Asks: 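My questions all concern the structure below.
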Amino acid sequence: MLRTHTAGELRKSHVGQTVELCGWVDKYRDHAGIVFIDLRDRYGKTQIKFDLADNSEIQKQARSLRYEDVIKVTGEVIARPDGLSNAKLETGEIELRAITLEVLNKSLTPPYMLDGDLPNEELRLKYRFFDLRRAELQKAMILRHRLTKTVRDYFDENGFLEVETPMLGRSTPEGARDYLVPSRVHEGSFYALPQSPQIYKQILMVGGYDRYFQIARCFRDEDLRADRQPEFTQIDVEMSFVEMNDILTTIDGLVSTVFEKIRGVKLPTPLPRYSYREVMDKYGSDKPDLRFGMPIVDISDIAKESTFGVFKETVAAGGMIRGLTIKGGADKYSRKMLDQDLKAFVADFKAKGLAYFKVTDGKLDSSIAKFFDEAQQKAIIEKMEAENGDLLVYVADKYSVCCAALGALRNRIAKEQKLYDAHDFNCCWVIDFPLLNWNEDEKRWDAEHHPFCYPVKDDVELLETDPGKIRAQSYDLVCNGYEAASGSIRIHDPKVQQKVFDLLNIKQEEAERRFGFLLEALRYGAPPHGGIALGLDRWVMLMLGYDNIRDVIAFPKTQKASDMLTGAPAEVDAKQLRDLHIQLKPQS
RNA sequence: GGGGCCGUAGCUCAAUUGGUUAGAGCGCAGCCCUGUCACGGCUGAGGUUGCGGGUUCGAGCCCCGUCGGCCUCGCCA
């Protein structure tokens, strides 16, 4: 080793020792006669002193050092003089009096300062090797490591086996767009990178590996968001001979262990469980942020009795009037903000308008208040649990639009009004999802979760009669408004599986062709099984309170799935294309 | 595929209604400074205003297109 210690570990107890440190020049403070260098590595910083009185040659050498040069210093650990220690540094009570200095590598002038205002992200991604030196990223990488370590320990202690599954698989219907890999050997055929190890892990259950987990890389070729990357990591889990409760309990244990070990936070377990219907009604989302309240309230029954045409007609047409109580919001949102800003906000979710009242002197106040008589106004205030100074906002529309618009509005208001502590954690289960979703555009049923999800036993008979009413044995773990995990009990009976395929309009021959291997496996003694997958990147993000997934991934991609560091994706040689039997269309 | 925001010195930003030589802080270079820790002081260099076109006597500013980044709707079993 070129060093005896790291830059974060020297303390008063080391005083008198001669040590060797290596690292980067974080700061230099040149006073001519004395030069101070903050030496940085990922463990911390140590102040190095180059004193003219000690050695004029080394002091001269030190004056030529610049930011981010990589150096090795041999020196004596000395206590700082009285009153000159630095409380901001862990090593602030000591400094290293340099005896020899070796420049291991000069650095070009860095493109920006690590501790200043952050430059635009494009630049940070291009200079990722440099950005990775930033404390926030190092914190994320360290927490990420500790998280995966804790996860592996937890599953190991509970009898799970980590099994790797292929990255080169076959494309399956439904789901996200696949990343495809052309085959050289099989002209015209393609592998698909896994969207998840879903089918493999089910086959592992058939193979008798009744407790499986994997830290698995997954790929989805869809448009990106602040919390989505084209390749991401799942903590993938599958268990045999279990019911839903067993999986939830297992993950309760995992999550509470992780929070306790990594964050020192004790979560109340079992984590609360809410039905899909309940959270949709109350929060307009299947991933509600429960760090704050502000539930959605339905006032259709009152509104339809009013003389306000829009409300009456909406209810008459089968729609509803639902809204939020913004506590103390009456003087926080001006008429202009409501009529323009917030209206445009809900319009993104197809809401045609945003009605509102301010509560004043126990009455409603707004341009539409006149359509509500005194009793109706009182009833609304009571139902909304409102008081003077509150602002009431409403969307009049069908259920799905009310949910989408108000769910999003609820999150926005809470953020603006700081209704929650950003360092708080709130996790819950959402269960009883519908098995199927009616796809209005294509006039067919889609799987809400995925096509291998087992219906709730009591609902199996509805497969033939009323598919929309079937509940699935599926479950999402929601934390601070993010979907942090998702899973289900799988179908182990090929006959039930076939029925679900039928409903999804996956023809028998197509099912056989595209994942007949799974159906075949299910016919050879498949145990009842189920599982779940946790989004590792999102968990890291959540636990750090970051709002961007790129900051918890060492080498992330941009929104257009480019890698600014390497330039991927990039063109390839004509020969490579020939080998793969691929011919590019001329640019049009 | 749709909507929004952004792009000016290495970085973060400014630049009046379209008007003289595009400024500041940090960084960079040189000099000074023996107790700093966001050290300080003096001097200096540094610009194809993302790119292309248009309007105009005149464009960083207005218009059209394009590239890139971010946020978002759709999408993400």
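Everything numeric in this text was worked out from a predicted model, so none of it was measured. Below, chains carry the letters A, B, ... as their sequence lines are ordered, and counting in each starts from 1.
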Asks: Can you tell me how far P in B/C26 sits from the matching atom in B/U21, rounded to whole Å?
Replies: 28 Å

Asks: Kindly indicate whether the side chain of A/Arg228 and the base of B/C76 share any N or O donor-acceptor pair separated by less than 3.5 Å?
Replies: yes

Asks: Would you mind reading off the distance between A/Arg40 atom CZ and B/A38 atom C1', rounded to a whole angstrom?
Replies: 15 Å

Asks: Over all strands shown, is A/Thr172 touching base, sugar-phosphate only, or nothing at heavy-atom distances under 4.0 angstrom?
Replies: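 Contact class for A/Thr172: none.
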
Asks: Locate the shortest heavy-atom distance separating A/Gly353 from A/Val395; write the atom from each residue and the value.
Replies: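 In this case the closest contact between A/Gly353 and A/Val395 is O-CG2, 4.2 Å.
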
Asks: In whole Å, what separates the P atom of B/C31 from that of B/U49?
Replies: 33 Å

Asks: Just checking A/Leu504: base, sugar-phosphate only, or nothing, at a heavy-atom cut-off of under 4.0 Å?
Replies: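 Result for A/Leu504 = nothing.
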
Asks: Has A/Phe36 got its ring stacked on the base of B/U36, with centres under 5.5 Å and planes less than 30° apart?
Replies: yes

Asks: For A/Pro81, report the nucleic acid contact type (base, sugar-phosphate, nothing); a contact means any heavy atom under 4.0 Å.
Replies: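 Base contact.
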
Asks: Under 4.0 Å, heavy atoms only, any strand: does A/Asp115 hit a base, just the sugar-phosphate, or nothing?
Replies: nothing

Asks: Could a donor-acceptor pair under 3.5 angstrom be found where the side chain of A/Glu95 meets the base of B/G35?
Replies: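 Checked by distance alone, the answer is yes.
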
Asks: To the nearest Å, how far apart are A/Leu39 CG and B/C37 P?
Replies: 19 Å

Asks: Looking at A/Tyr191 and A/Leu168, what are the two nearest heavy atoms and their distance?
Replies: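 That would be CD2-CB, 3.7 Å.
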
Asks: Quickly work out the A/Phe349 CZ to B/G3 P distance and round it to whole Å.
Replies: 17 Å

Asks: Which nucleotide in the set B/C37, B/C33, B/G30 lies at the smallest distance from any side-chain heavy atom of A/Arg66?
Replies: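 The closest nucleotide is B/G30.
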
Asks: If you check the A/Pro111 side chain, which of B/A38, B/G10, B/G74 turns out closest?
Replies: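 Nearest to the side-chain atoms of A/Pro111, counting from C-beta on, is B/G10.
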
Asks: Report the residue (A/Asn120 or A/Met113) whose heavy-atom-nearest nucleotide on RNA chain B is the more 5′ of the two.
Replies: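 First, find each residue's nearest nucleotide; the 5'-ward one identifies A/Asn120.
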
Asks: Mind running ring-ring contact (aromatic ring centres under 6.0 Å, His included) on A/His492 and A/Tyr454 for me, showing each step along the way?
Replies: CA-CA 8 Å; A/His492 61 274; A/Tyr454 213 107; 5.8 Å; yes

Asks: Using OP1 and OP2 only, check whether a side-chain N or O of A/Arg225 sits under 4.0 Å from B/C75.
Replies: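 It does not, given that no N or O in the side chain of A/Arg225 lies less than 4.0 Å from OP1 or OP2 of B/C75.
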
Asks: Answer with base, sugar-phosphate or nothing: what part of the nucleic acid does A/Phe50 contact at a heavy-atom distance below 4.0 Å?
Replies: nothing

Asks: Could you state the CG-P distance from A/Asp69 to B/C28, rounded to the nearest angstrom?
Replies: 11 Å

Asks: Say we look at B/G41 and B/U34: how far apart would their C1' atoms be, to the nearest angstrom?
Replies: 16 Å

Asks: Ignoring the backbone of A/Glu222, work out which of B/G74, B/C75, B/G69 is nearest its side chain.
Replies: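 Within the option list, the nearest is B/C75.
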
Asks: At 4.0 Å (heavy atoms only), tell me whether A/Pro451 reaches a base, stays on the sugar-phosphate, or touches nothing.
Replies: base

Asks: Can you find a side chain N or O atom of A/Arg550 that sits less than 4.0 Å from OP1 or OP2 on B/C71?
Replies: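 Yes.
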
Asks: Would you measure the distance from the C1' atom in B/A14 across to the matching atom in B/U72 and give it in whole Å?
Replies: 29 Å

Asks: If you pin A/Ser562 and A/Arg538 to their nearest nucleotides in RNA chain B, which one's is more 5'?
Replies: A/Ser562

Asks: Return yes if some donor-acceptor pair links the side-chain N/O of A/Asn86 with the main-chain N/O of A/Lys88 below 3.5 Å, else return no.
Replies: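 Yes.
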
Asks: Taking any heavy-atom pair under 4.0 Å as a contact, classify A/Glu483: base, sugar-phosphate, or nothing.
Replies: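 The answer is nothing, as A/Glu483 stays clear of every strand by at least 4.0 Å.
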
Asks: Taking atom C1' in both B/G69 and B/C51, what distance in whole Å separates the two?
Replies: 15 Å

Asks: Need one value for A/Glu121: base, sugar-phosphate or nothing, where a base atom within 4.0 Å counts as base even if backbone is also close, heavy atoms only.
Replies: sugar-phosphate

Asks: Give the rounded distance in Å between these two atoms: CD of A/Gln229 and P of B/G69.
Replies: 12 Å

Asks: Kindly point out which of B/G35, B/G74, B/C71 is positioned nearest to the side chain of A/Gln559?
Replies: B/C71

Asks: In whole angstrom, give the distance that lies between atom CD of A/Glu93 and atom C1' of B/C37.
Replies: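 Answer to the nearest Å: 15 Å.
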
Asks: Taking all atoms of both residues into account, what is the closest heavy-atom pair of A/Thr558 and A/Leu224, and its distance?
Replies: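 Taking A/Thr558 first and A/Leu224 second, the nearest heavy atoms are O-CD1, 3.1 Å.
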
Asks: Between the base of B/C37 and the side chain of A/Arg80, is there a donor-acceptor distance below 3.5 Å?
Replies: yes

Asks: Quiz question: going by heavy-atom distance under 3.5 Å, is there a donor-acceptor pair between the base of B/C11 and the side chain of A/Arg124?
Replies: no

Asks: What is the distance from CG of A/Leu65 to P of B/G27, rounded to the nearest Å?
Replies: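 The answer, rounded to whole Å, is 17 Å.
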
Asks: What integer number of Å spans the C1' atoms of B/C71 and B/G35?
Replies: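 The same atom, C1', in both gives a distance of 48 Å.
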
Asks: With a 4.0 Å limit, can you tell me whether A/Thr109 has a side-chain N or O closer than that to the phosphate oxygens OP1/OP2 of B/C28?
Replies: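 For B/C28, neither OP1 nor OP2 has a side-chain N or O of A/Thr109 closer than 4.0 Å.
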
Asks: Taking all heavy atoms of A/Thr91 and all of A/Glu9, pick out the closest pair and write down the distance.
Replies: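 Distance-wise, the nearest heavy atoms are CG2-N, 4.3 Å.
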
Asks: Please give the nucleotide sitting opposite B/A24 as a Watson-Crick or G-U wobble pair, both distances under 3.5 Å, or none.
Replies: B/U12

Asks: From CG of A/Asn548 over to C1' of B/C71, roughly how many Å is that when rounded to an integer?
Replies: 10 Å

Asks: At under 4.0 Å between heavy atoms, what does A/Gln198 touch on the DNA or RNA strands: base, sugar-phosphate, or nothing?
Replies: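 Base, at least one base heavy atom under 4.0 Å.
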
Asks: If only atom types and distance count, is the side chain of A/Asn120 paired as donor or acceptor with the main-chain N or O of A/Glu122 below 3.5 Å?
Replies: yes

Asks: Between B/U12, B/C70, B/C39, which nucleotide has the shortest distance from any of its atoms to the side chain of A/Asp117?
Replies: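 Side chain of A/Asp117 sits closest to B/U12.
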
Asks: Check every atom of B/G35, B/C71, B/C33 against the side chain of A/Asp30 and return the nucleotide holding the closest atom.
Replies: B/C33

Asks: What's the gap between B/G44 and B/C37 when it is taken at their P atoms, as a whole Å value?
Replies: 26 Å

Asks: Could you tell me whether A/Lys469 and A/Asp459 have a side-chain N and a carboxylate O separated by less than 4.0 Å?
Replies: no

Asks: Answer yes or no for A/Arg410 and A/Tyr283: cation-pi contact, defined as NZ/CZ to six-membered ring centre under 6.0 Å and angle to ring axis within 45°.
Replies: no

Asks: Is there a side-chain contact between A/Lys560 and the phosphate of B/C70, meaning an N or O under 4.0 Å from OP1 or OP2?
Replies: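 No.
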
Asks: Go through the steps for A/Thr165 and A/Gln214 under the test side chain to side chain donor-acceptor pair (under 3.5 Å), then give the verdict.
Replies: CA-CA 9 Å; A/Thr165 54; A/Gln214 183 183 190; 3.1 Å; yes

Asks: Test for a donor-acceptor pair under 3.5 Å between the base of B/U34 and the side chain of A/Arg29, counting only N and O atoms.
Replies: no

Asks: Would you classify A/Lys88 as touching base, sugar-phosphate or nothing, given that sugar-phosphate means primed atoms plus P, OP1 and OP2, and contacts are heavy atoms under 4.0 Å?
Replies: sugar-phosphate

Asks: Determine the contact category for A/Asp51: base if any of its heavy atoms lies under 4.0 Å from a base atom, sugar-phosphate if only primed atoms, P, OP1 or OP2 are that close, otherwise nothing.
Replies: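 Contact class for A/Asp51: base.
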
Asks: Side chain of A/Ile34 only, please: which of B/G35, B/G30, B/G68 is the nearest?
Replies: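 Nearest listed nucleotide: B/G35.
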
Asks: Tell me whether the OP1 or OP2 atom of B/C11 has a side-chain N or O from A/Tyr67 closer than 4.0 Å.
Replies: no

Asks: Just call it for A/Leu89: base, sugar-phosphate, or nothing, with non-hydrogen atoms closer than 4.0 Å on any strand.
Replies: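 Contact class for A/Leu89: none.
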
Asks: Given B/C11, B/G35, B/U34, identify the nucleotide with an atom nearest to the side chain of A/Tyr112.
Replies: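 Shortest atom-to-atom distance from the side chain points to B/C11.
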
Asks: Using atom C1' of each nucleotide, how far apart are B/U12 and B/G47 to the nearest Å?
Replies: 16 Å

Asks: Any strand counts, and the cut-off is 3.5 Å on both contacts for Watson-Crick or G-U wobble. Which nucleotide pairs with B/C5?
Replies: B/G69

